[in-house]
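Predicted, not measured: the structure shown is a model, and the values here were computed from it. Start at 1 and go down the list; that is how both ligands and their atoms are numbered. Note that these values count all heavy atoms, side chains included, but never hydrogens, waters or copies made by symmetry.
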Amino acid sequence: MSVTSGFDVAARRAEFPLLTQSVHGQPLVYLDNAATTQKPLAVIEAIDAYYRQINSNVHRGAHQLADRATTAFEEARVLVAGFINSPAPEQLIFTRGTTESINIVAQCHLRPMLRQGDEILVSGLAHHSNIVPWQMVAEACGARVVPIPVLDTAELDMAAFRRLLGSRTRMVALEHVSNAMGTVHPVAEIIALAHAAGAAVLLDGAQSVAHLDVDVQALDADFYAFSGHKMYGPTGIGGLYGKRALLEAMPPWQGGGEMIETVSFERTTYAGLPYRFEAGTPHIAGAVGLGAAVRYLSGLDRAAMAAHEDAVLAHALELSQEMPGFKLIGRAAHKIAVLSFLLEGGHPHDVGTLLDRQGVAVRTGHHCAQPAMARFGIPGTVRASFALYNTLEDVERLFSALRKVQTFL
Ligand code: PLP
């Protein structure tokens, strides 16, 4: 098995038990990592150990287990906050994931300040979860959601972005990396431009945290949203990072236990960060699992991992060029290992089903990015998205399966 740039992919694969199974009698090639990644033993075992040995509610018990659960939960926060270089753990709020994180910022940060005629600039490649929450607050306040145009390469039109930025712009919300096409946007430049225009920036990091080194301070991001399950952690847990002053100025998201300081029928006061935004019993096991995922990723040579993923993408691009009828959608100069494509004569869903019969799992359809599909005049694509455990052999399996699919079209 391939060892690229010092990254031992065979050793990494062995840490992911799910990958050893067969599907339709064929060894599984899992290429749906942008939807969700598989979990290493370190994560599975951390969740198992939590339920076997620690399980208790956090922050309120007088007994030893409650202390241990609270310690495990807060240690996970320190790990996850450190992973994106948050200046303090309390600026990292545990949420259900990217979707909830964006909704919190839309409802609690933006909505109270949004006025008639204000504008929210969103990426033309955005995932629906970075469009709809802004449309909801815009509609309530008489503001407008304005898409940032996309070039044929699936890169943002930066000249158009500069023109759109103005005194009405309250918020720029865009993905760090596009889930539909893999494009890595020049987010540091975008943030600097937005700040110069007086707008705040939310970065949707759903597709970046597993692949790129994210430093929210170096980026000067106002908000950063991400999901645990796309970075080798469990589902149902994710994060919202925010600048302290912005988070402290925000009203709570949901009311309930955990988020209060004092409650009386006359007056309730709210807890400080991060608990003000974490009403109710949190997903404790999820946080522990996400902490384990971050520890796992931090223990890898991340530069070697990124070089490996780049080599996998390069191999896929090379093989795609040799395949007649293969149309790549998204040719950004800077992209992660996501291959969105069409096969001449084949509907993406049919291609996906025929790949599945050969043990190759891909995603088909609009990838929750209908405006991006509309921009390219297509209803959807086939998307193969790669993770650290994918090999050059996986790429070859994909293309030999595609050649077989072509014989059915
Ligand atoms: N943003 C992007 C770019 C995504 O790829 C996804 C999921 O595919 C999301 C947001 C939503 O993430 P979640 O469903 O984990 O909240």
Side-chain angles (χ1 to χ4, degrees), residues 30-39 43 80 84 93-107 120 122-136 145 147-148 150 154-156 171-185 187 190 201-212 214 221 223-241 253 277 283 286-287 289-290 293 329-330 332 334-340 361-373 375 380-381 383-387:
Y30 184 76
L31 302 180
D32 195 15
N33 295 286
T36 200
T37 52
Q38 299 307 337
K39 318 307 171 198
V43 168
V80 178
I84 58 166
I93 294 152
F94 281 129
T95 64
R96 285 195 297 118
T98 309
T99 302
E100 186 177 38
S101 298
I102 296 172
N103 275 277
I104 292 174
V105 176
Q107 293 293 338
I120 304 154
V122 302
S123 159
L125 291 177
H127 188 280
H128 298 161
S129 65
N130 207 10
I131 300 174
V132 183
W134 308 113
Q135 287 176 326
M136 289 163 68
V145 171
I148 305 166
V150 173
E155 291 161 312
L156 291 178
M171 172 64 74
V172 176
L174 82 157
E175 66 285 349
H176 193 163
V177 173
S178 151
N179 67 308
M181 322 246 158
T183 311
V184 181
H185 297 306
V187 288
I190 288 171
V201 179
L202 174 135
L203 287 184
D204 165 355
Q207 297 297 339
S208 47
V209 271
H211 305 285
L212 311 175
V214 174
F223 297 102
Y224 203 91
F226 56 99
S227 299
H229 69 100
K230 294 183 196 282
M231 55 189 292
Y232 311 105
T235 52
I237 185 86
L240 170 63
Y241 158 81
W253 165 233
F277 298 105
H283 186 4
L290 179 53
I329 310 289
H334 190 192
K335 64 184 278 177
I336 61 160
V338 167
L339 209 62
S340 229
V362 295
R363 193 108 176 148
T364 63
H366 54 62
H367 316 298
C368 295
Q370 286 184 3
M373 298 299 125
R375 161 64 183 81
T381 69
R383 183 188 70 186
S385 54
F386 299 85

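In this structure, the side chain of Asn103 does not engage the main chain of Pro133 through any donor-acceptor pair within 3.5 Å. Put simply, the side chain of Ser227 never gets that close to the backbone of Gly97: no donor and acceptor are under 3.5 Å apart. In this structure, Ser385 contributes its side chain and Asn33 its backbone to a donor-acceptor pair below 3.5 Å.
For the pair Leu202 and Met171, the tightest heavy-atom approach, listed with the atom from each and the gap, is N-SD, 3.8 Å.
Proximity of Lys230 to ligand 1, defined as any heavy-atom pair under 4.0 Å, is confined to the side chain (atoms from C-beta onward). Heavy atoms of His229 found under 4.0 angstrom from ligand 1 belong exclusively to the side chain.
Summary of contacts: the protein heavy atom closest to atom 4 (C) of ligand 1 is His127 CD2, 3.3 Å. For atom 5 (O) of ligand 1, the nearest protein heavy atom (residue, atom name, distance) is Gln207 NE2, 2.7 Å.
Distances shorter than 4.0 angstrom do not occur between any heavy atom of His367 and any atom of ligand 1. Using a 4.0 angstrom heavy-atom cutoff, Asp204 counts as in contact with ligand 1.
Within ligand 1, the atoms closer than 4.0 Å to a non-hydrogen atom of Ser129 are 1 (N), 9 (C), 10 (C), 11 (C), numbered from 1 in the order shown.
Annotation: ring-ring contact (aromatic ring centres under 6.0 Å, His included) contacts of Phe94 (sequence neighbours excluded): Phe73. Residues that satisfy the ring-ring contact (aromatic ring centres under 6.0 Å, His included) test with His128, not counting sequence neighbours, are His366.
Residue Ser227 places at least one N or O, backbone or side chain, under 3.5 Å from an N or O of ligand 1.
Here Asp204 contributes atom CG and Thr98 contributes atom OG1; the two are 5.5 Å apart, rounded to the nearest 0.5 Å.
When the heavy-atom distances from atom 14 (O) of ligand 1 to Ile102, Thr99, Val177 are ranked, the shortest goes to Thr99.
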